[in-house]
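Everything quoted here is computed from the prediction, not taken from an experiment. Throughout, protein chains are lettered first and strands after them, A, B, ... in sequence-line order, and every chain is numbered starting at 1.
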Amino acid sequence: ALQLGPRKKPRSTDPLVHHGRHFGRAIHALCNIHALINNGIIRMGERSEEPEDAFTPQELREHSIFLALLKSVPGLEERLMSSESEDEIHALAAYLQKGASSARSDDTKSLKSAIVDCLTPPGEPLIPPIARNVKTGRGFHHEITGGLLCPAGVDWADKEIKEKLATGELTVAGDQWPIFLYASYQYDESDPWKGLLHSSLVIKAFKHIFTSPSSVDKEAKATRSGNARIHGMTRVTPASIAYSATQARFALSSSSVFNRSDTVTDSERFYNSILELLDEPEEAVEVDSLLSWWNQQIFPNYAANSRPVTANSALAKIKAKR
DNA sequence: CATTTTGAACCGTCAGAGTC
DNA sequence: GACTCTGACGGTTCAAAATG
């Protein structure tokens, strides 16, 4: 019989890819998910009898990420438990990794041009102009992007410093935080928390990624739902803030390839250094107020007196929508 | 109800870096 | 030099909502 053209194969991708996207954006962006899962399973299994202090702080941190992964991906725990071979588990991890990676590259791609709008004053001209789809000329080669990327405490106005940053004679490590993280792009040496992670640029990057690109400067004229809604996200997470800042930082830079183990951009260290601060127990008070400020900015309708959203209440909302 | 707008997800291709 | 792996990039598909 005749085959009338290529049948649209349904071949829907595994839902794990979809959840992997959210995991990367909001829970942990730069990690080897296969290792995360393997180590997590071992700790849940054969090492479960060991006392807490048998684990390094590193391992404990990894384990809490693993638990967050299980919690955020419905059905994952069951699928892992019913896996019978190493290969099967590897395949599940690969789906998640694929989601996280493609979400990240989609975000870098879309922020690459969108960031230009954030830098352009509403008035009109950006001088000198920045190309929307090309990165050369950004970073320390440009007055504006260079000024934003310049580490807090380093004087961008100093001609010599400017020169050395441009040539690469002076390099900036990931844990030297750029001035664009601070509100009004001002750093107060006597109060390092002042304005930290309160900048409009990071907020804009966050909105672009999580709410929707159009919600950045307009009142969300939402048509299609954004990432936060799709994944039932109603509160910001420390990782989602770090992720937005990392994406913004990369968009400002002149590097064209996002590579977490590249020492020039040093994105992984930057990301982790922010996460580390936000996880620091001694900073809990400051971090709490930072998070509630963010929630107020991003999710005003959920802020304050709303109960934490449980899986059940989220489900109820979804059902009510239908 | 048809059209338009919006944005997430996806696809095929390509180039750079590393490996054998 | 052939091969592989990763991510960028342009373009496309699909669904939801607004608009006509």
Side-chain angles (χ1 to χ4, degrees), chain A residues 5-36 72-73 90-91 93-118 130-139 204-234 240 243-244 246-268 270-271 298-299 301 317-322:
Chain A
R7 244 302 118 81
K8 261 276 155 62
K9 270 194 293 184
R11 197 203 39 137
S12 52
T13 51
D14 193 291
L16 288 184
V17 176
H18 180 247
H19 290 111
R21 299 180 73 91
H22 186 63
F23 172 78
R25 286 177 171 134
I27 301 175
H28 200 92
L30 309 172
C31 68
N32 179 336
I33 296 184
H34 189 217
L36 177 75
S72 104
V73 182
H90 194 282
Y95 284 136
L96 293 166
Q97 188 78 63
K98 181 182 173 189
S101 300
S102 68
R104 195 189 62 207
S105 96
D106 281 348
D107 291 338
T108 59
K109 176 186 173 184
S110 124
L111 263 182
K112 182 180 185 173
S113 62
I115 197 94
V116 178
D117 300 326
C118 303
I130 293 181
R132 296 185 69 91
N133 6 327
V134 87
K135 300 282 296 284
T136 50
R138 302 190 191 185
K204 283 178 181 177
F206 188 103
K207 285 186 177 174
H208 182 94
I209 296 167
F210 288 95
T211 315
S212 76
S214 72
S215 68
V216 171
D217 34 26
K218 292 173 273 216
E219 251 324 298
K221 199 182 173 184
T223 59
R224 184 137 168 73
S225 24
N227 284 318
R229 177 174 293 248
I230 286 177
H231 292 97
M233 180 188 193
T234 57
S240 62
Y243 180 77
S244 305
T246 306
Q247 285 284 6
R249 181 173 174 273
F250 180 76
L252 292 172
S253 82
S254 59
S255 330
S256 56
V257 180
F258 188 100
N259 184 343
R260 65 185 177 112
S261 59
D262 126 49
T263 50
V264 181
T265 327
D266 216 11
S267 293
E268 184 169 22
F270 176 76
Y271 179 78
I298 308 288
F299 302 112
N301 300 334
K317 257 175 210 160
I318 291 166
K319 283 182 177 163
K321 278 248 152 104
R322 300 212 167 134

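To the nearest 0.5 Å, atoms OG1 (A:T108) and CD1 (A:I209) are separated by 9.5 Å. A:S244 contributes atom OG, which lies 10.0 Å from atom CZ of A:R25 (distance to the nearest 0.5 angstrom). A distance of 6.5 Å separates SG of A:C31 from CD of A:Q97, quoted to the nearest 0.5 Å.
A heavy atom lying under 4.0 Å from DNA chain C marks none of the residues of residues 20-28 of chain A.
Taking 4.5 Å as the limit, some side-chain heavy atom of A:R21 sits within range of a side-chain heavy atom of A:S102. Contact of the A:D107 side chain with the A:F250 side chain is not registered, since no non-hydrogen atoms from C-beta on lie closer than 4.5 Å.
The aromatic rings of A:H22 and A:H231 lie parallel to each other, their planes meeting at an angle below 30°, with 60° marking the opposite boundary.
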Distances for protein N or O near nucleotides 5-7 of chain C N or O, under 3.5 Å:
unit_1	atom_1	unit_2	atom_2	d
C:dG7	OP1	A:R104	NH2	2.8

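The distance from atom NE2 of A:H208 to atom C1' of B:dG7 is 10 Å, rounded to the nearest whole Å. Rounded to a whole Å, the CG atom of A:D106 is 17 Å from the P atom of C:dT13. Between the CZ atom of A:R138 and the P atom of C:dA8 there is a distance of 13 Å, rounded to whole Å. Between A:R229 atom CZ and C:dA15 atom C1' the separation is 15 Å, expressed in whole Å. Spacing between atom CZ of A:F210 and atom P of B:dA9 amounts to 12 Å, rounded to whole angstrom units. Note: NE2 (A:H18) to C1' (C:dA15) measures 13 Å, nearest angstrom. Between the CG atom of A:D107 and the C1' atom of C:dA8 there is a distance of 14 Å, given to the nearest Å.
Computed from C1' positions of five pairs at each end, the angle between the two local axes of the helix from B:dC1-C:dG20 to B:dC20-C:dG1 equals 10°, rounded to 10 degrees.
Partners of A:R138 by salt bridge (charged side-chain N to carboxylate O under 4.0 Å, His left out), not counting sequence neighbours: none found. With sequence neighbours excluded, no residue forms a salt bridge (charged side-chain N to carboxylate O under 4.0 Å, His left out) with A:R104. Residues passing the side chain to side chain contact (heavy atoms under 4.5 Å, CB included) test with A:S110, sequence neighbours excluded: A:H208.
Remark on DNA chain B: of its neighbouring residues A:K98 and A:I209, the 5'-side contact belongs to A:I209, judged by nearest-heavy-atom nucleotide.
Scanning atom types as modelled, one donor and one acceptor separated by under 3.5 angstrom connect the side chain of A:K109 and the base of C:dG11.
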